[in-house]
Amino acid sequence: MNIFSDIEPFMLRAFAVAVVMGPLCALLGVFVTARRMAFFSDTIAHGALAGIALGFLLGFEDPTWPMVLFSLLVAAAILWLKEHTDLLTDTIMALLLSGSVAFGIIVLSMLKNKRGELHRYLFGDILSVGPDDVWLAVVLCAAIGAWLFTKLSPLALLTASEDLAHVCGVRTRWLNYAFVLVLTVVVSLSIRLLGIILVTSLVVIPPAAARNLARNLRQQIILSLIIGLFGGAAGTVASYHWDIPCGPAIVMACIAVFIVSLVASKLWLNKPAST
Amino acid sequence: MTHTTCSHSAADIAVSVRDLRVTLGGQAILRGVNLHLHRGQLVALIGPNGSGKTTLLRAIVGLQKPDSGDVRIFGESDLKKALPRVGYVPQRLALDRSFILSVREFLALRLRETQHWFWHRKRDTDDRLRAAMAELGAESLLDRPIAALSGGQLQRVLIVFALLKNPDLLLLDEPTAGVDSPGEESFYDLIGEVHRKHKLTVVLVSHDLSMVYRHASWVYALNGVVCCEGSPEHVMNADSLKEAYGLNVTPYQHHGHSHGPGGGIVQ
Ligand SMILES: Nc1ncnc2c1ncn2[C@@H]1O[C@H](COP(=O)(O)OP(=O)(O)O)[C@@H](O)[C@H]1O
Ligand SMILES: [Mg+2]
């Protein structure tokens, strides 16, 4: 306890959010990467910028809710366009990503007193993590984490094959939407910490590093959770110690694990081949 | 042994399809399909590429919404109640190589799809999976990532998956698509064996007419509609089939049969 006493409270809050959101993003990320939804996650993160700008425009002091809502809107737009047009998913997402960024920047540039916010949301700012954000993160993490664990099997089956999942009685449409909803909420709430530009890395890098070492899905999930937790914790601590921005520190911590895992897997995989 | 569709009572019917119509991309693919599959039979579904065989199976299990028509499985029109009795092996399974699910995990998903398999690894589950895999001669694949399997290996795993919950109806959509030609014949023998041992109704989509002769008790030739049905001898000799295929069908031809462009793409 006393080690924490001389650490500033904002740092503790950032640490708390990081160790909660890190594993959660990493767990979601196992399915995001396997379902090729990394770009999707990036798009909804960028969609948040338009939400933030709109929130300020409408006079919100704290744009969290407009941010989450607009990200959800972008997610819904992707799904709708995918179903009702012949456009490629990549095209749809590139369109919505650049559209929401452009909209957000224009609105923020018009609001003279909010121009500084752009930098803050693009790159993340632990100073902006308030006590309410900590509670929100903890409660959300508990709820979403519990939901994810009860849905691991249907999600794994859905990822392997939607058709087989359907025949096995999984309500695939519903589960798809629920997954997108959960991903959107988690990603947009992690923006505070990592920033719009880097937030997807917390979803992508831990499962990728875990994939290097794992031999089955269960191992990948466990390793990914651990790496997400480590990345969040090590990143915030490093950020405090060396006075570097928190988001990039978390990302670099995850990248370091990724490199180690890659090297380890190469050494590891070479063994059975040579014998 | 000749069958007449009307002499059987409703309880004998495994699948009944009435006037099923499906349009895909503005094209009428199924134009009023009628089928009554009897319980316990191994039924072959044949037809040229694009004749709607896959679409028909997908419509039966609810993966394809029909424009109109009626599908009943064991007399049940509510799919939610019928599906637990059905095993389905799709024609293609687009598995992402980056998805690291092992065969063991994949099969466990079938056994406990509503609970999470995460923390438990029960001995009896393990035994059950090993026995099920051994039946198809694929025991050694249990700890391989499913995305790394060859076409033939994957088909075996998919059949094991479909059989795990002891279904009463097994739908196989070109199960030999990924199997190399020498292995094909023994693969069909394996399916015939599964059919006999598990006493289930099997619907098998196939290009391989010699297989149809050896294993099927009833044949449907599909081309948008059912253009011909009956015993293998009857259907194979029908002029309509020769027309539909545009080739001469030689009975009892076990080797050197020709394949449509759909066969044997996967190594
Ligand atoms: N999603 C789709 N959209 C448009 N056309 C489709 C779609 N799926 C299948 N088709 C078309 O439907 C026809 C029947 O396909 P299919 O049922 O797969 O035939 P088969 O299995 O007998 O080879 C084909 O001509 C195919 O091009
Ligand atoms: Mg087909």
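Sequence lines set the chain letters: A, B, ... in the order given, protein chains first and strands last, and positions in each chain run from 1.
A search for side-chain contact (heavy atoms from CB on, under 4.5 Å) contacts involving A/V19 returns A/F15, A/L229, A/A233, not counting sequence neighbours.
Between chain B and the options A/A208, A/S161, A/A34, heavy-atom pairs under 4.5 Å are most frequent for A/A34.
For B/I146, no part lies under 4.5 angstrom from a heavy atom of chain A. For a residue to count as touching a neighbouring chain, one of its non-hydrogen atoms must lie under 4.5 Å from one of that chain's; by this rule A/L155 does not touch chain B. Contacts between A/R35 and chain B at a heavy-atom distance below 4.5 Å are absent for every atom of the residue. For a residue to count as touching a neighbouring chain, one of its non-hydrogen atoms must lie under 4.5 Å from one of that chain's; by this rule B/L83 touches chain A with backbone and side chain alike. When heavy atoms are compared at a cutoff of 4.5 Å, A/T172 does not approach chain B at all. The contact between B/R58 and chain A is made entirely by side chain atoms (from C-beta outward), counting heavy-atom distances below 4.5 Å.
Between the side chains of A/T200 and A/D42, a donor-acceptor pair is found at a separation under 3.5 Å.
Considering only heavy atoms from C-beta on, B/V203 stays 4.5 Å or farther from B/Y220 through its side chain. Taking 4.5 Å as the limit, some side-chain heavy atom of B/P66 sits within range of a side-chain heavy atom of B/V22. At least one side-chain heavy atom of B/M133 sits under 4.5 Å from a side-chain heavy atom of B/V103.
Using the six-membered ring where Trp is involved, B/F161 and B/F106 have ring planes that are parallel, under 30° apart on the 30 and 60° scheme.
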